[in-house]
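As structure tokens, the structure follows; a few thoughts come after it.
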Amino acid sequence: MITARGRLALAAGASARWASRVTGRGAGAMIGGLIAMNLDRSILRQLAAGRRTAIVTGTNGKSTTTRMLAAALRDLGPVATNSEGANMDAGLVSALAADRTAQLAALEVDEMHVPHVADAVSPAAVVLLNLSRDQLDRVGEINAVERALRGGLARHPQTVVVANCDDVLMASAAYDCPNVVWVAAGAGWAGDSVSCPRSGEVIDRQDGHWRSTGSEFSRPTPQWWFDDDALYGPDGLVLPMRLALPGTVNRGNAAQAVAAAVALGADPATAVAAVSAVDEVAGRYRRVHVGEHTVRMLLAKNPAGWQEALSMVDKHAAGVVIAVNGQVPDGEDLSWLWDVRFEHFDDTTVVAAGERGTDLAVRLGYAGVQHTLVHDTLAAIASCPPGPVEVVANYTAFLALQRRLGDG
């Protein structure tokens with residue numbers, strides 16, 4: 001039940017959102033939510049009341065997994081979701097306000113915001129994807145994020161926690177919860193979990209398993225896992241899984257989305273069919289024709305994300321454009337460039353682009369990658385030979401390219 005003050009706050013937020021859109025300032029998801037929250041600090045709690053809400057969080061894969069989860073849940077009824085990717089409080093308010101009647105919600109939430117958001121929405125499920133370094137000038141030390149998540153989850157023992165048992169930090173955050181569904185979703189990046197977040201001792205990794213050398217903390221046994229052909233679940237469940245989205249990482253995202261949807265009552269086969277049909281997430285992975293080129297757009301925001309995105313790049317494409325900015329949403333500290341392996345581009349035409357293209361060019365030079373430097377991303381694409389071009393860009397570089405292509 002929305003209070004009179006809450007209704008006033010939502011009306012003001014809706015007006016601000018409309019004004020933002022008609023004046024071309026943006027989608028308005030943030031400004032609408034901010035105004036509503038300023039007028040009624042309890043508005044998120046009010047909007048979430050009576051819904052079964054699933055929270056999806058992690059350093060990478062939030063938008064994709066949330067999109068998949070929302071698709072998988074729609075067989076149960078309408079789903080409110082923040083499809084625009086605004087994953088802090090104001091964006092959540094806007095998403096829930098946009099669909100006041102949906103009894104289900106799938107919300108991606110910034111990992112720093114999960115504890116207080118969970119207190120407000122009392123989630124039926126929380127999906128824990130992965131944790132790694134991300135924007136150190138904003139987020140801070142990653143073990144502190146894990147401890148905050150662990151403490152926040154402890155306040156909600158009734159919540160089903162769908163956790164990636166391959167990720168040491170997320171496994172630690174979920175380890176003490178009474179109702180955990182473990183999913184072997186993969187962990188291609190291990191650079192931020194070399195030591196145990198509980199004991200400080202070394203993490204020993206062998207044959208896909210891990211354990212702390214200083215305690216009994218070790219990789220839990222998964223109830224869900226996948227291979228190249230199928231998704232496997234409890235009680236001998238085997239479901240063929242062919243995704244529209246590329247890469248092993250997206251198979252892991254799909255596995256967690258299906259596990260969460262099933263925990264909330266979805267039919268497993270229907271859920272797999274729904275996640276398999278997802279072919280684009282806010283412009284990511286889509287292909288667009290630009291002059292003589294067919295461009296595929298990939299987003300990467302931190303060392304782990306870059307490793308995954310670069311693994312999806314077609315090295316036989318006519319060219320690869322790597323675009324890097326260093327604005328506040330990207331993180332102004334680009335020292336992470338030296339943690340990304342660029343060395344595998346041996347015979348590929350590579351172009352460094354973006355506002356911080358020079359920093360990238362230096363890193364590519366030390367990696368021994370032959371490249372050119374063209375700061376303007378569209379001009380960088382045009383400089384490639386005709387044919388397919390892979391574009392890998394960080395956050396604001398990706399958004400800027402989308403706007404210039406007429407999608408912003």
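We count residues from 1, following the sequence as given. Note that the structure is predicted; figures quoted are calculated from it, not measured. Side-chain atoms are counted along with the backbone in the values below, which use heavy atoms only and exclude waters and symmetry mates.
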Looking only at atom types and distance, does a side-chain atom of H293 sit under 3.5 Å from a main-chain N or O of G291, one as donor and one as acceptor? no
Tested for side-chain contact (heavy atoms from CB on, under 4.5 Å) against L104, the lone hit among T53, L76, L69 is L76
Decide yes or no for K301 and D330: does some side-chain heavy atom of the first lie under 4.5 Å from some side-chain heavy atom of the second? no
Donor + acceptor pair across side chains of E355, Q327 (<3.5 Å): yes
Is there a side-chain contact (heavy atoms from CB on, under 4.5 Å) between L334 and V324? Walk through the geometry before answering. CA-CA 9 Å; L334 293 191; V324 175; 3.7 Å; yes
Separation between OG of S212 and CZ of R219, rounded to the nearest 0.5 Å: 16.0 Å
Would you say the side-chain atoms of R52 and S122 include a donor-acceptor pair closer than 3.5 Å? no
Note, R363 side chain near F342 side chain (heavy atom, < 4.5 Å): yes
N325 and Y395: side-chain donor and acceptor closer than 3.5 Å? no
Rounded to the nearest 0.5 Å, how far does CG of D314 lie from OG1 of T348? 8.5 Å
Can you check side-chain contact (heavy atoms from CB on, under 4.5 Å) on L153 and L128, steps first, answer last? CA-CA 11 Å; L153 292 171; L128 303 179; 3.8 Å; yes
Side-chain contact, heavy-atom cut-off 4.5 Å: E390 with V295? no
Any chance the side chains of H116 and D89 put a donor and an acceptor closer than 3.5 Å? yes
If you draw a 6.0 Å radius around CD in E343, do more than 12 non-hydrogen atoms from other residues or ligands fall strictly inside? yes
Side-chain donor-acceptor pair under 3.5 Å between D119 and H156, yes or no? yes
Are the side chains of R284 and L298 in touch, meaning some heavy atoms are under 4.5 Å apart? no
Is there a side-chain contact between T57 and L129 in this structure, where contact means two heavy atoms from C-beta onward sitting under 4.5 Å apart? no
S172 versus E146, side-chain donor and acceptor atoms under 3.5 Å: yes
V258 pairs by side-chain contact (heavy atoms from CB on, under 4.5 Å) with which of T270, L231, N253? L231
Do the side-chain N and O atoms of N302 and N60 include a donor-acceptor pair separated by under 3.5 angstrom? yes
Could you check whether any side-chain heavy atom of T294 comes within less than 4.5 Å of a side-chain heavy atom of V389, counting everything from C-beta outward? no
Do Q307 and D339 have a side chain donor and acceptor closer than 3.5 Å? no
Any M37 side-chain heavy atom under 4.5 Å of L44 side chain: no
I'd like to check Y232 versus W224 (side-chain heavy atoms, cut-off strictly below 4.5 Å). Are they in contact? no
Scan side-chain atoms only and decide if E108 and S63 contain a donor-acceptor pair under the 3.5 Å cut-off. yes
Using the six-membered ring wherever Trp is involved, compare the ring planes of W338 and Y366 and label them parallel, tilted or perpendicular (cut-offs 30° and 60°). perpendicular
